[in-house]
Amino acid sequence: MVNKKITSRIRKKLDAIAPEDAIHILKNLAEEDIKTAEKIEQLLTEYLSDVSIDEIAEDIYSELSFIDIEEVWDRSGNTAYGYTEPSEAAWEIFEEILEPFVQKLKRYQELSMTNEAKYCCMGILKGI
């Protein structure tokens, strides 16, 4: 049985470190032991495999629904760099909202997780 004090102490430290530090520690663990590396890979695959078309669609739909027309107006018109059409400003906002989802899709493609990439893409399209 795992000692709960140790688990609690370790959990407290894990909660306190920055994500970059956690990645560094995880990489070090993977390099030290092949069994640990395989376990990390298994956990990562399980974590990344949990792709919900509906959750992605809801997130995108929600974010797109909160676009404020005043934000479009603030970004359009005369600027120091010329004139920006309201439609151009709206498109920029649209792209900014979709960017994190597209990056997630690209990550799945880079990891050769084709089913997950497909589901992510389906969620993006459904959300739009």
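All values below were derived from every heavy atom in this structure, side-chain atoms included, with hydrogens, water molecules and symmetry-related copies excluded. From a predicted model like this one, the values you see are computed outputs, not experimental measurements.
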Is Met113 linked to Tyr47 within one hydrophobic cluster, defined over Ile, Leu, Val, Met, Phe, Trp and Tyr using a side-chain heavy-atom separation of less than 4.5 Å? yes
State the CD1-CD1 distance between Ile60 and Ile124, to the nearest 0.5 angstrom. 5.0 Å
Evaluate whether atom CD of Glu99 has more than 12 neighbouring non-hydrogen atoms of other residues, nucleotides or ligands under 6.0 angstrom away. yes
Show your working on side chain to side chain contact (heavy atoms under 4.5 Å, CB included) between Ile128 and Leu98 and close with a plain yes or no. CA-CA 9 Å; Ile128 293 170; Leu98 288 184; 3.8 Å; yes
Of Asn115, Ile56, Ile53, the residue whose pairing with Cys120 passes side chain to side chain contact (heavy atoms under 4.5 Å, CB included): Ile56
Can you tell me how far the OH atom of Tyr108 sits from the CD atom of Gln103, to the nearest 0.5 Å? 13.0 Å
The test is side chain to side chain contact (heavy atoms under 4.5 Å, CB included); show your working for Met122 and Lys118 and say whether it passes. CA-CA 6 Å; Met122 291 168 69; Lys118 178 177 75 174; 3.9 Å; yes
Distance check, rounded to the nearest 0.5 Å: Glu88 atom CD versus Tyr83 atom OH? 9.0 Å
Cluster check Leu111, Leu44: I/L/V/M/F/W/Y, side chain < 4.5 angstrom: no
Non-hydrogen side-chain atoms of Arg9 and Lys12 separated by less than 4.5 Å: no
Are Phe101 and Tyr61 connected in a single hydrophobic cluster, I mean Ile/Leu/Val/Met/Phe/Trp/Tyr linked by side-chain heavy atoms less than 4.5 Å apart? no
Worked check of side chain to side chain contact (heavy atoms under 4.5 Å, CB included) between Lys126 and Asp54: CA-CA 8 Å; Lys126 185 176 181 181; Asp54 289 332; 2.4 Å; yes
Side-chain heavy atoms nearer than 4.5 Å, only ILVMFWY residues, links allowed to pass through others: does that put Leu14 and Leu29 together? yes
Atom CG of Asn28 and atom OG1 of Thr36: how far apart are they, to the nearest 0.5 Å? 12.0 Å
Check this for me, if you would: do Glu71 and Arg75 make a salt bridge, where the nitrogen-to-carboxylate-oxygen distance has to be below 4.0 angstrom? yes
What distance separates Leu48 CG from Glu46 CD, expressed to the nearest 0.5 Å? 10.5 Å
Report the distance from atom CD of Glu38 to atom CG of Leu43, rounding to the nearest 0.5 Å. 12.0 Å
Neighbour count above 12 (heavy atom, 6.0 Å) for Glu41 CD: no
Looking at side-chain heavy atoms only, is the closest gap between Asp68 and Asp74 below 4.5 Å? no
Single-linkage hydrophobic cluster, 4.5 Å side-chain cutoff, Leu64 and Ile93 together: yes
Strictly distance-based, threshold 3.5 Å: is any side-chain N or O of Ser76 a donor or acceptor partner for the main-chain N or O of Trp73? yes
